[in-house]
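Throughout, residue positions are numbered sequentially from 1 according to the sequence presented.
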Amino acid sequence: MTSVSPVNNFQVDLRGLVDLLSHHLYSSPRVYVRELLQNAVDAVTARHAHEPGAEVRIRLSASAGRVTIEDSGIGLTAAEAHSLLATIGRSSKRGGDGAAELRGLETTRQEFLGQFGIGLLACFVVARQIRVVTRSARDPQAAPVEWLATDDGSYTVRELPHDARPEPGTTVHLEARPGAEEWTEPATVERLARDYGSLLPYAITFDDGLGGAPRPVTDRPAVWDRAFPTPATRRVALAGHCAQLFGFTPLDSIDLDLPVAGVRGVAYVLPEPTSPAHRAGHRVHLKGMLLTDQADNLLPDWAFFVRAVLDTDTLRPTASRENLYDDETLAAVREALGARVRAWLAELAASEPDRLAAFLSVHHLGVKSLARHDAELLGLMLPWLPFETSDGSMSLEEFTAAHPEIHFTRTVEEFRQIAPIAAAHGLGVVNAGYTYDADLLALLPSVRPDLKVTELDASAVTERLDPVPTSVELSLAAFLSTARTRLEPQSCDVVLRAFQPVAVPALYLDDRQARQERDRTAALESADSLWSGILGSLRGSGPRARLVLNHNNPLIRRIAGLPDPTLAGTAVESLYGQALLMSQRPLRPADSTLLNRAFLGLLEWATHSVNTPATPDGPATESRTESQEDEK
């Protein structure tokens with residue numbers, strides 16, 4: 001005989017709960033499939049704890065706005081249906097009221113997926129009505145039970161005839177609410193089931209209701225746990241898995257096996273470079289159920305060149321079960337996974353240099369980031385890490401073979417200006433303007449004590465350039481005096497050298513001290529009387545930035561021979577501005593004023609020489625005569 005209970009109300013505001021779940025806790029209604037799978041798997045796990053030889057059956061189906069899942073799990077009695085299905089924070093996995101039964105289930109607690117007891121109520125994000133037909137395996141004499149709930153916040157529980165469900169287990173029927181039908185389409189349900197449940201420990205099938213045989217949802221064991229005849233075959237299988245999962249063919253794969261931490265999986269190396277600031281999304285399964293595909297706190301920040309997929313039974317999920325809780329356990333796992341990636345690099349360096357070279361050609365930036373904090377790895381990777389040098393792109397191992405003393409620039413612009421001159425005069429310069437390069441160069445003497453590493457300064461470059469004959473420099477003393485006077489306000493000295501390439505007329509050089517002097521001067525101009533005195537006392541003995549004029553350049557020789565000191569000074573200011581622009585340094589207001597003044601001065605002189613008849617003493621005649629003599 002069927003007994004009917006009166007209508008009962010949930011112990012929560014169901015409408016408010018659904019709004020909370022769909023708009024604040026869960027990122028998408030898609031999670032309802034996970035909740036269905038989770039309840040079914042946990043019910044089967046509880047049944048096995050109670051009855052180890054029980055069959056395993058989980059079948060999911062969908063058609064015409066309805067979704068059904070059936071399991072052969074532990075089932076519920078009428079009292080449990082009242083107590084568990086409509087109450088937040090309780091779960092059938094916790095056993096009955098008896099202490100002995102609770103202790104018996106405690107040994108399998110870690111096998112359960114659920115943590116927060118939200119359970120079937122989460123399915124109301126897509127369902128108008130939920131109907132549960134269940135029969136308890138703990139009490140074989142108990143009648144089957146129907147629990148019927150609607151999204152208005154009410155439910156009923158009634159006992160059914162014994163033949164309504166002869167065997168223990170549970171069947172859940174969802175009826176989609178208006179506007180949510182798309183989430184119950186068979187193709188969508190099957191795709192979500194595969195996405196969430198492919199690694200679950202029990203065989204799960206899906207039936208689309210079209211008459212065909214049910215299709216498997218699970219794909220066990222995980223590809224990284226399968227046996228393959230050769231390592232090459234395994235790499236091919238993992239590459240196919242990566243292409244299917246992430247949409248790219250990896251450069252390589254790294255096993256992530258931490259038995260102590262209950263973690264097993266694989267990291268795939270990206271085939272293209274990516275920004276170190278990019279936070280990669282990793283796939284994390286919790287006891288086989290997909291937790292998230294956007295875990296950005298799983299690996300160290302420096303390991304931005306891999307995408308990982310793994311299964312764990314120890315890491316703690318957030319309340320929404322859509323990400324990992326960042327606690328001490330995760331921090332320890334993150335460090336251990338980083339050590340595994342580092343060990344993979346060491347293995348490649350020791351035994352497979354070709355694969356390492358292919359990896360570094362794409363992801364040297366990530367390895368440099370790691371090597372900053374690991375002297376052992378820096379020594380190991382040194383023969384392979386590429387740097388931009390005055391001799392071309394090469395490893396520091398190759399570069400130091402020719403240059404035991406290494407100079408470096410802190411900016412890319414400074415390097416690009418000095419590199420051609422340094423290469424022509426045998427000066428070894430490394431571009432440390434890229435990310436991590438300056439840090440690594442500072443660490444280089446710790447692994448190679450025989451090397452000297454210094455920041456490039458103006459005097460080091462000037463000393464390598466060929467001096468001009470003393471007689472020539474004396475003959476140009478008046479010109480050099482004019483040039484130095486003109487550039488004195490810019491805190492810039494002028495020197496004359498002969499260097500290659502000939503096409504470069506002038507080279508602007510400065511170093512840290514010169515930049516500090518410029519900053520001090522700029523601060524002095526805007527400081528009050530007290531600070532002016534203090535900053536004035538800090539003034540250096542003389543300007544440290546240098547404009548190096550190339551005597552090999554025909555233009556410089558012509559300018560140096562100009563008899564008009566005003567015109568020569570204007571030309572020097574133009575050379576200063578041009579060299580400053582070539583170095584791609586930011587211009588100060590004083591530099592912009594000088595550049596503008598020199599440009600207008602040259603235009604005025606050029607138009608004057610064109611519009612005024614040439615005379616023996618005029619600028620037009622002087623310019624032409626000097627040019628002709630130079631050509632001869």
Side-chain angles (χ1 to χ4, degrees), residues 250-252 254 267-278 280 300-306 338 341-424 426-448 450-456 584:
L251 281 178
D252 209 342
I254 308 168
Y268 295 114
V269 181
L270 293 166
E272 297 179 352
T274 185
S275 168
H278 175 66
D301 290 343
W302 55 259
F304 57 85
F305 50 83
V306 299
V341 175
R342 184 177 58 184
W344 168 79
L345 287 171
E347 292 166 7
L348 288 188
S351 59
E352 300 188 69
D354 290 340
R355 288 173 62 196
L356 178 63
F359 165 75
L360 289 177
S361 67
V362 179
H363 294 298
H364 57 273
L365 202 59
V367 179
K368 287 181 177 181
S369 172
L370 175 58
R372 292 180 306 152
H373 307 292
D374 192 323
E376 181 180 353
L377 187 67
L378 176 60
L380 183 68
M381 293 288 106
L382 195 60
W384 309 98
L385 291 175
F387 288 82
E388 186 177 8
T389 75
S390 53
D391 292 347
S393 180
M394 61 181 61
S395 71
L396 289 182
E397 189 80 6
E398 298 172 294
F399 188 68
T400 54
H403 303 282
E405 182 176 0
I406 298 177
H407 300 275
F408 66 90
T409 64
R410 289 191 177 273
T411 66
V412 175
E413 293 76 18
E414 186 180 2
F415 173 81
R416 289 175 180 171
Q417 184 195 22
I418 200 64
I421 292 113
L427 186 66
V429 182
V430 176
N431 181 5
Y434 294 118
T435 306
Y436 309 133
D437 284 5
D439 294 339
L440 292 178
L441 288 170
L443 293 171
L444 187 56
S446 66
V447 296
R448 288 284 303 274
D450 56 310
L451 297 177
K452 181 180 179 182
V453 180
T454 58
E455 183 174 356
L456 185 70
Q584 300 186 34

Item to complete: Determine whether P445 and L451 make a side-chain contact, defined as any pair of heavy atoms from C-beta on separated by less than 4.5 Å.
Response: no
Worksheet entry | Smallest separation among heavy atoms of V430 and F399, with atom names | CG2-CE2, 3.5 Å
Worksheet item: How many angstroms lie between CG in D439 and CG in L378, if you round to the nearest 0.5 Å?
Response: 11.0 Å
Worksheet item: Any side-chain heavy-atom pair from N431 and V412 closer than 4.5 angstrom?
Response: yes
Discussion item. Using every non-hydrogen atom in the two residues, find where A267 and V306 come nearest and quote the distance to one decimal.
Written reply: CB-CB, 4.1 Å
Item to complete: Would you mind reporting whether L427 and L456 have side-chain heavy atoms less than 4.5 Å apart?
Response: yes
Discussion item. Main chain of G392, side chain of T389: is a donor-acceptor contact present, judged purely on distance under 3.5 Å?
Written reply: yes
Hey, can you pull the donor-acceptor pairs under 3.5 Å for the side chains in residues 363-371, sequence neighbours left out?
| unit_1 | atom_1 | unit_2 | atom_2 | d |
| --- | --- | --- | --- | --- |
| H363 | NE2 | L270 | O | 2.5 |
| H364 | ND1 | L360 | O | 3.2 |
| K368 | NZ | P386 | O | 2.8 |
| K368 | NZ | D437 | OD1 | 2.9 |

Worksheet item: Who pairs with W302 by ring pair (Phe, Tyr, Trp, His ring centres under 6.0 Å), at least two apart in sequence or on another chain?
Response: none
Practice prompt. Not counting sequence neighbours, list each pair that qualifies as a salt bridge (Lys or Arg N to Asp or Glu O under 4.0 Å) and has a residue in residues 383-400.
Written response: E397-R448
Worksheet item: So do F359 and L345 actually touch side chain to side chain, heavy atoms under 4.5 Å?
Response: yes
Worksheet item: Distance from I418 atom CD1 to S390 atom OG, nearest 0.5 Å?
Response: 9.5 Å
Discussion item. For a quick test of reading the model, state the closest non-hydrogen atom pair linking E414 to R410 and the distance between them.
Written reply: OE1-N, 4.1 Å
Practice prompt. Kindly give the heavy-atom pair with the smallest separation between W344 and V269, and that separation in Å.
Written response: CH2-CG2, 3.9 Å
Worksheet entry | Residue pair L441 / F408: nearest heavy atoms and the distance that separates them | CD1-CB, 3.6 Å
Worksheet item: Going from CG on D374 to CG on L380, what distance comes out if it is rounded to the nearest 0.5 angstrom?
Response: 9.0 Å
Response to the item:
Heavy atoms of P300 and G338 approach each other most closely as CG-CA, 3.8 Å
Worksheet item: Looking at side-chain heavy atoms only, is the closest gap between M394 and F387 below 4.5 Å?
Response: no
Worksheet item: Is there a side-chain contact between L251 and F305 (heavy atoms, below 4.5 Å)?
Response: no
Practice prompt. May I have the step-by-step check of side chain to side chain contact (heavy atoms under 4.5 Å, CB included) for L444 and L382, ending in yes or no?
Written response: CA-CA 9 Å; L444 187 56; L382 195 60; 3.8 Å; yes
